[in-house]
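The structure under discussion appears below in the form of structure tokens.
Letters A, B, ... are given to chains in the order of the sequence lines, protein chains preceding strands, and every chain is numbered from 1.
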Amino acid sequence: MKEKDLRRSLSVLPIGTVMKLTSLTARQIRYYEEQGLVSPERNDGNRRMYSLNDIDVILEIKDYLDEGLNIAKIQEIYKKRKEDNKNNDTKELTDQEARKILSDELLNIGGLNSHDAANNSF
DNA sequence: CTTCTGACA
DNA sequence: TGTCAGTA
């Protein structure tokens with residue numbers, strides 16, 4: 001599985017492709033990099049080259065944003081996720097661990113929704 | 001033509 | 001965020 005992982009980490013997509021794949025504007029994509037959420041390489045002429053991994057991350061960012069999270073929250077989530085990866089560096093994620101990470105992220109989302117006062121209807 | 005940085009409404 | 005300017 002390392003071959004695919006390596007390929008997935010190859011930065012070969014110009015920002016124009018990322019725009020089409022994520023339905024985001026170049027402005028937003030660059031902004032997310034500014035916030036440290038993605039780290040595209042800089043090949044020729046100082047141009048950003050994204051990897052499939054980056055696409056995945058950006059898509060996730062878009063999802064979180066859609067759920068009402070701000071950049072700060074997303075940064076926290078990724079920071080926590082990084083620490084989690086440090087914890088189990090040599091072994092694969094068990095289903096339980098994956099669940100824990102996901103629920104933890106969802107917890108972060110739910111605990112900070114200030115825009116859904118209407119949700120009190122249940 | 002496509003992308004980059006900085007800046008302003 | 002959108003968008004314009006001046007480059008590379």
Side-chain angles (χ1 to χ4, degrees):
Chain A
M1 288 266 188
K2 284 180 179 174
E3 304 278 328
K4 287 185 179 178
D5 245 52
L6 188 65
R7 248 183 283 280
R8 169 177 239 83
S9 298
L10 287 183
S11 304
V12 290
L13 312 173
I15 199 168
T17 304
V18 182
M19 288 175 67
K20 294 172 184 173
L21 263 44
T22 63
S23 300
L24 292 172
T25 66
R27 181 80 162 79
Q28 292 174 297
I29 298 170
R30 295 193 189 110
Y31 179 65
Y32 302 153
E33 179 194 6
E34 205 174 328
Q35 303 310 306
L37 276 51
V38 284
S39 302
E41 285 176 30
R42 299 296 262 260
N43 279 14
D44 82 276
N46 201 33
R47 292 199 149 89
R48 295 178 178 74
M49 300 302 275
Y50 298 83
S51 67
L52 296 179
N53 259 323
D54 294 326
I55 302 295
D56 219 77
V57 173
I58 295 174
L59 249 19
E60 245 183 66
I61 295 171
K62 192 192 166 195
D63 258 41
Y64 286 137
L65 250 31
D66 194 63
E67 295 186 55
L69 287 164
N70 56 37
I71 298 295
K73 303 298 178 185
I74 300 175
Q75 290 176 327
E76 289 177 33
I77 291 176
Y78 277 71
K79 184 174 183 177
K80 179 155 283 189
R81 186 177 297 182
K82 185 176 181 181
E83 292 173 1
D84 254 328
N85 283 335
K86 264 189 178 180
N87 246 318
N88 38 259
D89 41 20
T90 175
K91 62 176 180 177
E92 291 181 30
L93 249 58
T94 68
D95 199 51
Q96 288 180 24
E97 288 171 326
R99 253 175 185 288
K100 185 189 186 306
I101 295 174
L102 265 298
S103 77
D104 192 64
E105 292 176 0
L106 270 297
L107 214 62
N108 273 304
I109 296 174
L112 256 122
N113 267 346
S114 57
H115 69 96
D116 57 357
N119 255 21
N120 291 330
S121 51
F122 84 85

Heavy-atom side-chain contact between [X] and [Y] under 4.5 Å:
{"X": "A:R30", "Y": "A:I15", "result": "yes"}
{"X": "A:L24", "Y": "A:K62", "result": "yes"}
{"X": "A:K100", "Y": "A:Q96", "result": "no"}

Is a side-chain donor or acceptor of A:D54 paired with a backbone partner of A:S51 at a separation under 3.5 angstrom?
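Between the backbone of A:S51 and the side chain of A:D54 there is a qualifying donor-acceptor contact (under 3.5 Å).
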
Between A:T17 (side chain) and A:L13 (backbone), is there a donor-acceptor pair under 3.5 Å?
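Not a single qualifying donor-acceptor pair exists.
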
Measure CE/A:M49 against P/B:dT3 and give the value in whole Å, please.
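Computing the A:M49:CE to B:dT3:P distance gives 10 Å.
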
Whole-Å distance separating the CD1 atom of A:I29 from the P atom of B:dT3:
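So the CD1-P distance, A:I29 to B:dT3, works out to 9 Å.
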
In which ranges does DNA chain B form stems of 3 or more consecutive Watson-Crick or G-U pairs, distances under 3.5 Å?
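Listed by first number, the stems are B:4-8 with C:2-6.
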
Could you walk me through whether A:L21 and A:Y50 pass the side-chain contact (heavy atoms from CB on, under 4.5 Å) check?
CA-CA 11 Å; A:L21 263 44; A:Y50 298 83; over 6 Å; no

Show your working on side-chain contact (heavy atoms from CB on, under 4.5 Å) between A:K80 and A:D104 and close with a plain yes or no.
CA-CA 9 Å; A:K80 179 155 283 189; A:D104 192 64; 2.7 Å; yes

A:K73/A:E105 ion pair, N-O < 4.0 Å
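Salt bridge between A:K73 and A:E105, a charged N being under 4.0 Å from a carboxylate O: no.
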
Can you give me the first and the last nucleotide of DNA chain C (5' to 3') that has an atom within less than 4.0 angstrom of a non-hydrogen atom in chain A?
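Range of nucleotides within reach of chain A: C:dT1 to C:dA8.
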
Should A:N53 and A:D5 be marked as a side-chain contact (heavy atoms from CB on, under 4.5 Å) after you check the CA-CA gap, both sets of side-chain angles, and the distance that decides it?
CA-CA 9 Å; A:N53 259 323; A:D5 245 52; 5.9 Å; no

Tell me, with the steps shown, if A:D44 and A:R47 meet side-chain contact (heavy atoms from CB on, under 4.5 Å).
CA-CA 6 Å; A:D44 82 276; A:R47 292 199 149 89; 4.0 Å; yes

Where protein sits on nucleotides 4-9 of chain B, one letter per nucleotide: B base, S sugar-phosphate only, - none, heavy atoms under 4.0 Å
SB-B--

